[in-house]
Every structure is written in structure tokens, then in C-alpha cells.
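All ligand and atom numbering here is 1-based and tracks the order in the structure.
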Amino acid sequence: MQSMNLTPDIENGIFSEKMLDAVNTDGPVPEDAALKAYYYLQKDIEMAADLKSRLGRTPTACVITFGCQMNARDSEKLSGVLRRAGFEMTEDEKADFLIYNTCTVRDNADQRVFGRLGRAGHYKKSNPGMKIALCGCMMQESSNVEKIQKSYPFVDLIFGTHNLYCFSEYLYRIYMQDEKIADIWDKSPQIMEAMPSDRKYPYRSGVNIMLGCDKFCTYCIVPYVRGREKSRDPEEILCEVRALAADGVKEIMLLGQNVNSYGKDLGNGVTFAGLIAKVAETEGIERVRFMTPHPRDFGDDLIEVIRSHPKIARHIHLPMQSGSTAVLKKMNRQYTKEGFLELAYKIRKELPDCSVTTDIIVGFPGETKEDVDDTIDVIKKVGFENAFTFIYSRRRGTPAASMPSVMTEEEIGREFDRVLKTVQETAKMKAELLTGSTMEALAEEMNAQDPSLVTCRLSNNMIVHVPGDRSLIGNIIRVRLCECHGFYFFGEIAEE
Ligand code: 5AD
Ligand code: SF4
């Protein structure tokens, strides 16, 4: 193998068919992680062809995703590898290869995985050649892995968040060497994004800009399962964005647990504001979104870049978690009620056309009804366009797990409903203000209930359904927002 010829493509950090062609599978397994992934992908192609001739049909594969946008992006890579190897992707869990990409941020996600896994075991009984795999955040907790190995022995493959890039190798080994693999790493030795990737929507893609989180909010398991913050090289990110634009992508979502910490660990002066400006200036890219910023690090430079780049979406998701300074302190959020309000008011003033949405946790240990009053006060004052509201879920190993609760479960339920009602009221009020206006929207998909309607997304992330056909999908169109239905609108295409 001529590694000199291969180096430039590895440095670009994105998947290349040329690299895959250049791999020599008769030679030894390469040591370099990227070359090794290509080597095994080439082997997987041979393996899937062999499987196809044994089955007398194309083998099928199913990827089930739980959790956040970053998991969704990882799943695109899993299905990218499977499809490139020669599997036919399906949403049917009775597939020949089934993988659950898990989330552990709240307990109900964990429970859903175990329920699904039990059913998958029955599918395997009627298709003994079936392979079942698990990956993602839940696998980073040894108690989960032990439980799976003990109670679900039919699982063939388990890996975590730090070694997704070994997937092509694991796939080969479970099929060709008939191994059972459980391989969990406790940190990421490198950022490796050079994997083939499927896109759910041809016109939109997520792009990882960093891994991990260093904030250690006391309720949150993420820093333990996703590791320390690690920023990706900006040139590599821009190279991926350019390749996606050339492939028809119009909307990019920059992904990270804490995007406005981007660059701090690189020590070369690169900032998130600088990066997003460059992404927005990339030819062919019409819209740029980002998920998720932390209120503590939301600087004036970012506000200024959003203001001066109309292609950056008019939507800021700003997780508040609580409106009570006492609770925020116990959560280790490192801002106060007043500090959050000051930032939200600044965004409202400087970026008046931006929607502001948030995440809220109800029932954090020690939280009282008076604390929830503070949360409701902030919701009303900021007037969030939308909010995701969660009941606190105790996560083993986090500092908050040993803090006592003040409210009972019923009281928490009642407080949750009170918060939800307030959020729904402010969201509706905010949406109603836009009724009658004309805006740009990206036509995303045909409406599932009414095939005469196309579902479109405004720059501010609100949804509008307009009469139209499939030919609109992937285009940015001007729409009039005719009728407001709380979180969404019915509209029409505006005359030029
Ligand atoms: N319990 C409930 N909600 C949580 N989140 C994170 N950890 C927990 C937990 N232990 C919520 C936060 C975060 C969102 C992604 O999930 O609101 O912003
Ligand atoms: Fe979790 Fe806090 Fe990090 Fe977000 S910032 S991932 S809530 S620790």
C-alpha cells in the first residue's frame, strides 16, 4: 500500500471512495485507524456479497436511534457503512443485522432499549443468522453492559461512543469470525469522521464539530459517557461542508454538546463564531443551524456573526434548565436567573427576528414550588417560542444522584404540568404574532397526514404546511403564514 498517496485524503478527514479503492485487502491490516477502517469496509463488501449468495437475497440492516442529534449523526454513519458494504437498509427490526444506537440521558430511554431488545431476541429465534448490536451512550456504563451480557446473551456486538469508527472492523469480525464482541473504551484517542454516511434528507446534514462536554452539570451523565471536550480541526470541518454542498446539501447543522466552547482546546485562536461565519460563507450552503450552545459562553461575537450572516438560522436554542438561581447553583450551571435573563434580553434586542427555545428540568433535587415559580417567571419574561420540558431523572454516578428531593413525585408531576402549560401559552402567543407575514421556508417532506401538503421549516425553526407537490422538496420557497395552530402554521406559497 502506498501510504504517501493516501495521506492527503486522510488529512481531509472525510470519506473518500478513492481511498476505499486503493485499499489492498490481501496485505496486512493497516495500523493507522482511518486506513484500518477502509480496509475492513472493503472486507465487509466481500462479506456482504458472500452473505447475499448464501441467503439468495440482499441482506437487510436496521439502525434504531435513541436520543439527540449527535446520536442521529452517528447513526447516519452506521447506516452509511452498512449500505456501502451491501446491506439494504430497512426500518423493520426483523432485519438480518439490527443495531440500537442508545441514549442514557434520562432513565426512560434506557428502559425503552431493554424493551425493544427483548423483542429482538424473539426475532432472532426465527432467523438464527440474525446479528444484534448495541452502541452509544448507554454502553459506556458498565452496569448496562453487564446486564446485557447476563440477561440478553443473544447480543453479538456491543461498543460505545469512543470507538464508532471501528464499526467496519466489528462488522467483519462478528460475521466472518463468528465472534461475540464487547469493546468499550473510556476515551477517544482521536476524532475520526472518515466513514461513509447516509443522509436521511438529501438537502440537510449534521456536521460534528466537537465531541464531549467539560461542563459537568450535576444532573448530567454526558461528560461521563461522551468524555472530555475535543474540537475537530476547522479545515477538516470546512472540507466536509464543501463536499456536502457539492453533493446537494443546503442546510448544515453544526453539532456539539457545547458548541460555543469550540476551539478552546485547539489553542490556535479559532472560535465558534469564526467557524460558523466560514460555514455560512460556503458556496451552495443556504442555511446553517447549531446545537447546542451553553448560556454561560454565549458571547457578543456570536451574536454579531449571527446578525451579519442572514444564512445563519434565526433560531437560538438556549438551554435554561431552571429559572431559580439556587437551583442553577446546585446544577453547576454557572449563571444566575438574572444573568440568563440579561442574555435572553440581549438576544431579543440584537436579533429581534430570532426565535429563542430552551430545555427545562422540573424536579431537580431540592427544587421547591417557589423555585418553579422562578422558572415560570423567566418563561413569561423571555417568551420562549418553544421549550422541551423534562422531569428530572436520577443518573447513577452524577453528583445530583445523592442529593435529596424536597417534592414528592405527584408534586413534581403537578409542577411539570404548570411549566408545560406556561410554555404552551407563550409559544402560541409568539407564533400568533407572525400570522399574516411572508417568510422563507425550506420544503422538507410531504405531509404524512395530507398528501396535498408539503411540510416546510422557517429559518426560526417553526413549521408551516403549504399546498404543493414533491418537486418543492429541498428548495427554499417564500410562504405566507395564513393560520396559526399553536406550534405550526397552515400557509401558502407567496406570489413573487
Ligand atoms: N434528567 C432530566 N433531564 C436531563 N437532561 C439532561 N440530563 C437530564 C436528567 N438527568 C436534559 C437537559 C438537557 C437535555 C438535552 O436533556 O435539559 O439540556
Ligand atoms: Fe450535560 Fe451540562 Fe454538558 Fe449539557 S452542558 S451536556 S447538560 S453537562
Side-chain angles (χ1 to χ4, degrees), residues 65-74 102-112 136-138 140-141 161 206 208-231 253 255-262 264-265 272 290-298 316-324 327-335 339-340 343 356-367 371-372 375 378-379 384 386-403 405 407 409 412-413 415-416 419-420 423:
T65 311
F66 296 85
C68 67
Q69 310 265 4
M70 301 196 68
N71 257 21
R73 178 68 183 143
D74 287 349
T102 63
C103 165
T104 188
V105 81
R106 284 171 294 274
D107 184 55
N108 53 358
D110 285 13
Q111 295 317 322
R112 288 204 333 257
C137 294
M138 229 176 115
Q140 292 298 137
E141 289 177 276
T161 55
N208 286 335
I209 64 165
M210 60 193 300
L211 306 178
C213 179
D214 285 353
K215 291 287 186 286
F216 287 96
C217 302
T218 55
Y219 51 82
C220 187
I221 193 84
V222 168
Y224 306 91
V225 296
R226 288 260 173 192
R228 296 290 65 73
E229 279 173 7
K230 215 180 237 174
S231 300
M253 166 94 80
L255 296 170
Q257 300 294 347
N258 245 308
V259 289
N260 39 12
S261 293
Y262 173 78
K264 287 184 183 160
D265 55 318
F272 179 62
F290 57 99
M291 190 73 95
T292 309
H294 192 296
R296 198 192 77 172
D297 301 323
F298 207 104
I316 295 171
H317 184 69
L318 198 63
M320 159 170 87
Q321 314 301 0
S322 167
S324 152
V327 173
L328 288 167
K329 191 161 186 347
K330 285 187 216 147
M331 287 178 163
N332 188 31
R333 291 292 290 177
Q334 302 187 30
Y335 52 85
F340 185 87
L343 173 62
V356 181
T357 60
T358 199
D359 291 343
I360 297 166
I361 298 175
V362 180
F364 182 81
E367 188 177 49
D371 291 318
V372 180
T375 299
V378 179
I379 298 170
F384 294 110
N386 202 355
F388 297 101
T389 311
F390 307 104
I391 288 187
Y392 168 71
S393 171
R394 212 168 274 278
R395 303 283 67 201
R396 202 177 317 131
T398 60
S402 53
M403 298 179 189
S405 274
M407 290 194 279
E409 255 180 55
I412 292 173
E415 293 307 296
F416 178 86
V419 169
L420 195 63
V423 164

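- Between K264 and D297 there is a salt bridge, with a side-chain nitrogen of the basic residue lying less than 4.0 Å from a carboxylate oxygen of the acidic one.
- Once rounded to the nearest 0.5 Å, the distance linking OG1 of T357 with CE of M320 reads 11.5 Å.
- Environment of CD in Q111: crowded, with over 12 heavy atoms of neighbouring residues, nucleotides or ligands closer than 6.0 Å.
- Distances from atom 13 (C) of ligand 1 to the heavy atoms of I391, D359, D107 put D359 nearest.
- From the protein, the heavy atom lying nearest to atom 7 (N) of ligand 1 is Y219 CD1, 3.3 Å.
- Counting protein heavy atoms only, atom 6 (C) of ligand 1 is closest to V105 CG2, 3.5 Å.
- By the criterion of a heavy-atom distance under 4.0 Å, neither the backbone nor the side chain of T292 is placed next to ligand 2.
- For atom 17 (O) of ligand 1, the nearest non-hydrogen atom from the set M331, Q321, M291, R395 comes from Q321.
- At a threshold of 4.5 Å between non-hydrogen side-chain atoms, the residues H294 and R333 count as touching.
- Considering each of A400, G67, S393, the one bringing a non-hydrogen atom nearest atom 10 (N) of ligand 1 is S393.
- Neither the backbone nor the side chain of P319 has any atom closer than 4.0 Å to an atom of ligand 2 (non-hydrogen atoms only).
- The I361 neighbourhood of ligand 1 comprises atoms 3 (N), 4 (C), 5 (N), 12 (C), 17 (O), with distances under 4.0 Å to a heavy atom of that residue.
- Atom 1 (Fe) of ligand 2 has its closest protein heavy atom at C220 SG, 2.3 Å.
- Around atom CZ of R396, no more than 12 heavy atoms belonging to other residues, nucleotides or ligands sit under 6.0 Å away.
- Aromatic ring orientation, Y392 versus F364: perpendicular (interplanar angle above 60°, classes split at 30° and 60°).
- Interface atoms of ligand 1 facing F390, defined by a heavy-atom separation under 4.0 Å, are 3 (N), 11 (C), 14 (C), 16 (O), 17 (O).
- Atom 4 (Fe) of ligand 2 has its nearest heavy-atom neighbour, among Q257, R395, M331, in Q257.
- Donor-acceptor pairing under 3.5 Å is lacking for the side chains of K330 and S322.
- Proximity of R333 to ligand 2 is established by a heavy-atom distance of less than 4.0 Å.
- In summary, R226 and D74 engage in a salt bridge, as defined by a charged side-chain N under 4.0 Å from a carboxylate O.
- The protein heavy atom nearest to atom 3 (Fe) of ligand 2 is C213 SG, 2.2 Å.
- In this structure, R112 fails the cation-pi test against F66, since its NZ or CZ atom is not both closer than 6.0 Å to the six-membered ring centre and inside 45 degrees of the ring normal.
- Among protein heavy atoms, the minimum distance from atom 7 (S) of ligand 2 is reached at Y219 OH, 3.3 Å.
- Using a 4.0 Å cut-off to heavy atoms of H294, the atoms of ligand 2 that qualify are 5 (S).
- For a distance bound of 2.8 Å, the N, O or S atoms of C217 include one lying that close to atom 2 (Fe) of ligand 2.
- For F216, the CZ atom is densely surrounded, since the number of other residues' heavy atoms within 6.0 Å is greater than 12.
- Near P223, with a cut-off below 4.0 Å to any heavy atom, the atoms of ligand 2 are 8 (S).
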Show the numbers, then the answer: is there a side chain to side chain donor-acceptor pair (under 3.5 Å) between N386 and H317?
-> CA-CA 9 Å; N386 202 355; H317 184 69; over 6 Å; no

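- Considering only non-hydrogen protein atoms, atom 5 (N) of ligand 1 sits nearest to R106 NH1, 3.5 Å.
- Protein heavy atom closest to atom 5 (S) of ligand 2, with residue, atom name and distance, is N258 ND2, 3.4 Å.
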Could you go step by step and tell me if N332 and Q334 meet the side chain to side chain donor-acceptor pair (under 3.5 Å) rule?
-> CA-CA 5 Å; N332 188 31; Q334 302 187 30; 3.2 Å; yes

